[in-house]
Peer 1: 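For reference, the structure I am asking about is given below.
All ligand and atom numbering here is 1-based and tracks the order in the structure. Given the structure is predicted, the values throughout are model-derived calculations rather than measurements.
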Amino acid sequence: MLNIVIFGPPGSGKGTQSEKIIERYGLVHISTGEILRKEIKEDSDLGKIAKSFIDKGELVPDQTIIEILEKKLESLNNVKGVIFDGFPRTVDQAVALKKMLQRHGEDVNVMLNLEVDRQELIARLLKRGQISGRSDDNLETIEKRIRVYEERTFPVIDFYKKEGTYTPIRGVGEINDIFKRISDAIDAVKV
Ligand code: AP5
Ligand code: MG
């Protein structure tokens with residue numbers, strides 16, 4: 001299997017690039033943000049819990065997210081690989097993912113870190129906010145999400161540096177140029 005973590009701050013292009021990656025490499029896309037937004041739309045119990053965190057720009061508790069991931073992974077069979085988008089977001093989530101994959105004799109093959117400066121992130125998300133309907137695409141919540149990223153998610157980079165799979169990708173410029181950098185990185189690890 002080819003297991004990819006696509007990583008980066010809010011608005012760095014994880015979702016945009018994931019779409020292109022799944023198209024080229026035939027992977028299953030697991031976006032925890034999308035899973036949670038679907039639950040919110042359905043007004044499920046999980047959705048109600050998730051909404052209280054997402055609307056404030058905070059992270060949903062690790063245990064909740066890890067359970068979602070476990071269920072999702074168990075439901076897959078015979079897949080070429082998985083792209084994890086928006087997960088892991090804490091070091092505990094990264095450790096949990098490693099254990100989950102290990103049970104299947106798998107591991108993360110490459111961690112792609114999309115590097116985009118703060119001004120650009122805010123500009124992109126404000127622009128998207130005009131049409132997305134996402135409750136967290138407003139200036140106050142965008143700034144909070146970036147702070148939470150810096151405090152709780154940034155340390156995940158060190159985890160993958162130690163794992164030896166960390167790959168920085170310049171995430172600014174044309175979407176197709178960024179995808180070229182990404183596909184070169186994936187092709188370099190592809191077995
Ligand atoms: P999540 O849905 O993961 O959101 P996020 O990390 O804040 O990131 P975004 O989805 O906003 O951005 P993106 O990096 O996907 O960029 P995109 O491609 O859309 O999480 C939302 C919330 O859910 C969290 O705050 C948390 O509460 C909860 N959550 C989710 N996962 C969790 C977890 N594991 N643990 C705990 N809580 C969790 O691009 C952004 C915009 O820029 C788009 O409009 C796009 O068109 C545009 N764009 C993309 N590329 C370019 C480019 N090259 N140039 C110009 N514009 C571009
Ligand atoms: Mg996204």
Peer 1: Salt-bridge test for E34 and K38: reply yes if a basic N is under 4.0 Å from a carboxylate O, no otherwise.
Peer 2: no
Peer 1: Quick one: which ligand 1 atoms are inside 4.0 Å of a heavy atom on E58?
Peer 2: 26 (C), 27 (O)
Peer 1: Does the pair K144/E140 count as a salt bridge with the N-to-O cut at 4.0 Å?
Peer 2: no
Peer 1: For V108 and L97: C-alpha separation, side-chain torsions, deciding distance, then whether side-chain contact (heavy atoms from CB on, under 4.5 Å) applies.
Peer 2: CA-CA 9 Å; V108 169; L97 176 61; 3.9 Å; yes
Peer 1: Looking only at heavy atoms of L125, does any of them come nearer than 4.0 Å to an atom of ligand 1?
Peer 2: yes
Peer 1: Give the residue, atom name and distance (to 0.1 Å) of the protein heavy atom nearest atom 49 (C) of ligand 1.
Peer 2: T16 OG1, 3.4 Å
Peer 1: Start with the C-alpha gap between F84 and S31, add the side-chain angles, then the distance that decides, and say whether side-chain contact (heavy atoms from CB on, under 4.5 Å) holds.
Peer 2: CA-CA 6 Å; F84 297 93; S31 158; over 6 Å; no
Peer 1: Run the numbers for me: atoms of ligand 1, each under 4.0 Å from some heavy atom of I175, listed by number.
Peer 2: 50 (N), 51 (C), 52 (C), 53 (N)
Peer 1: To which protein heavy atom is atom 12 (O) of ligand 1 closest, and what is the distance rounded to 0.1 Å?
Peer 2: G11 N, 2.9 Å
Peer 1: Within the 4.0 Å heavy-atom shell around I178, which atoms of ligand 1 are there?
Peer 2: 53 (N)
Peer 1: Mind running side-chain contact (heavy atoms from CB on, under 4.5 Å) on R145 and D136 for me, showing each step along the way?
Peer 2: CA-CA 8 Å; R145 281 155 69 198; D136 55 352; 3.6 Å; yes
Peer 1: Do other residues, nucleotides or ligands put more than 12 heavy atoms under 6.0 Å from D45 CG?
Peer 2: no
Peer 1: Taking a cutoff of less than 4.0 Å between a non-hydrogen atom of the residue and any ligand atom, is G8 in contact with ligand 1?
Peer 2: no
Peer 1: Do other residues, nucleotides or ligands put more than 12 heavy atoms under 6.0 Å from the CD atom of E23?
Peer 2: no
Peer 1: I need the nearest protein heavy-atom contact for atom 51 (C) of ligand 1: residue, atom name and distance, please.
Peer 2: R124 CZ, 3.5 Å
Peer 1: Between R145 and ligand 1, which part of the residue brings a heavy atom under 4.0 Å of the ligand: side chain, backbone, both or neither?
Peer 2: side chain
Peer 1: To the nearest 0.5 Å, what is the distance between CD1 (I21) and CD1 (I6)?
Peer 2: 4.0 Å
Peer 1: If you take the nearest heavy atom of each of G33, S132, G13, which one is closest to atom 16 (O) of ligand 1?
Peer 2: G13
Peer 1: Taking 4.0 angstrom as the limit, do R103 and E70 come out as a salt bridge?
Peer 2: yes
Peer 1: Any heavy atom of G173 closer to ligand 1 than 4.0 angstrom?
Peer 2: yes
Peer 1: Under 4.0 Å between a side-chain nitrogen and a carboxylate oxygen: does that hold for R128 and D137?
Peer 2: yes
Peer 1: Closest non-hydrogen protein atom to atom 20 (O) of ligand 1, residue and atom name please, with distance?
Peer 2: R89 NH2, 3.4 Å
Peer 1: I'd like to know whether CD of E19 has more than 12 heavy-atom contacts from other residues, nucleotides or ligands below 6.0 angstrom.
Peer 2: no
Peer 1: Does a side-chain N-to-carboxylate-O contact under 4.0 Å join K98 and E163?
Peer 2: yes
Peer 1: When you measure from the heavy atoms of K56 to every atom of ligand 1, does any distance fall below 4.0 Å?
Peer 2: no
Peer 1: Is there at least one pair of N or O atoms, one from P10 and one from ligand 1, spaced under 3.5 Å apart?
Peer 2: no
Peer 1: Suppose we measure from atom 43 (C) of ligand 1 to each protein heavy atom; which comes out shortest, and what is that distance?
Peer 2: R128 CD, 3.8 Å
Peer 1: Using a 3.5 Å cut-off on N or O atoms only, is L59 in polar contact with ligand 1?
Peer 2: no
Peer 1: State which residue, out of I186, I4, V79, fulfils the side-chain contact (heavy atoms from CB on, under 4.5 Å) condition with L27.
Peer 2: I4
Peer 1: Indicate yes or no: does an N/O atom of E34 lie under 3.5 Å from an N/O atom of ligand 1?
Peer 2: no
Peer 1: Considering only protein heavy atoms, which is closest to atom 29 (N) of ligand 1, and at what distance to one decimal place?
Peer 2: L36 CD1, 3.6 Å
Peer 1: Take a 6.0 Å sphere around NZ of K127 and say whether it holds more than 12 heavy atoms from other residues, nucleotides or ligands.
Peer 2: no
Peer 1: If you measure from each non-hydrogen atom of D62 to ligand 1, which part falls under 4.0 Å: side chain, backbone, both or neither?
Peer 2: neither
Peer 1: Should the pair K162-D158 be classified as a salt bridge under the 4.0 Å nitrogen-to-oxygen rule?
Peer 2: no
Peer 1: Backbone or side chain, does any N or O of D85 fall under 3.5 Å from an N or O of ligand 1?
Peer 2: no
Peer 1: Using distance alone, decide if ligand 1 has a nitrogen or oxygen within less than 3.5 Å of any nitrogen or oxygen in S12.
Peer 2: yes
Peer 1: Evaluate the criterion side-chain contact (heavy atoms from CB on, under 4.5 Å) for residue pair D43 and K48; output intermediate values, then yes/no.
Peer 2: CA-CA 6 Å; D43 202 24; K48 288 188 182 98; 3.6 Å; yes
Peer 1: Between I54 and ligand 1, which part of the residue brings a heavy atom under 4.0 Å of the ligand: side chain, backbone, both or neither?
Peer 2: both
Peer 1: Could an N or O of ligand 1 be found under 3.5 Å from any N or O of G15, whether backbone or side chain?
Peer 2: yes
Peer 1: Ring-plane angle category for F154 and Y149, please: parallel below 30°, perpendicular beyond 60°, tilted otherwise.
Peer 2: perpendicular
Peer 1: Would a single hydrophobic cluster contain both F87 and V95, if residues Ile, Leu, Val, Met, Phe, Trp and Tyr are joined by side-chain heavy-atom contacts under 4.5 Å?
Peer 2: yes
Peer 1: Heavy-atom contacts under 4.0 Å between L114 and ligand 1: side chain, backbone, both, or neither?
Peer 2: neither
Peer 1: Could you tell me whether some N/O pair between V60 and ligand 1 is separated by less than 3.5 angstrom?
Peer 2: yes
Peer 1: Can you tell me which portion of Q17 lies within the under-4.0 Å heavy-atom range of ligand 1? Options are side chain, backbone, both, or neither.
Peer 2: neither
Peer 1: Check this for me - ligand 1, R37, N or O atoms closer than 3.5 angstrom, yes or no?
Peer 2: yes
Peer 1: Between ligand 1 and T32, is the shortest N or O to N or O distance under 3.5 Å?
Peer 2: yes
Peer 1: Considering only protein heavy atoms, which is closest to atom 13 (P) of ligand 1, and at what distance to one decimal place?
Peer 2: K14 N, 3.5 Å
Peer 1: Is it the case that ligand 1 has an N or O less than 3.5 angstrom from some N or O of G171?
Peer 2: no
Peer 1: Which atoms of ligand 1 have any heavy atom of Q93 under 4.0 Å away?
Peer 2: 33 (C), 34 (N), 35 (N), 36 (C)
Peer 1: If the contact criterion is a heavy-atom separation under 4.0 Å, does R134 count as touching ligand 1?
Peer 2: yes
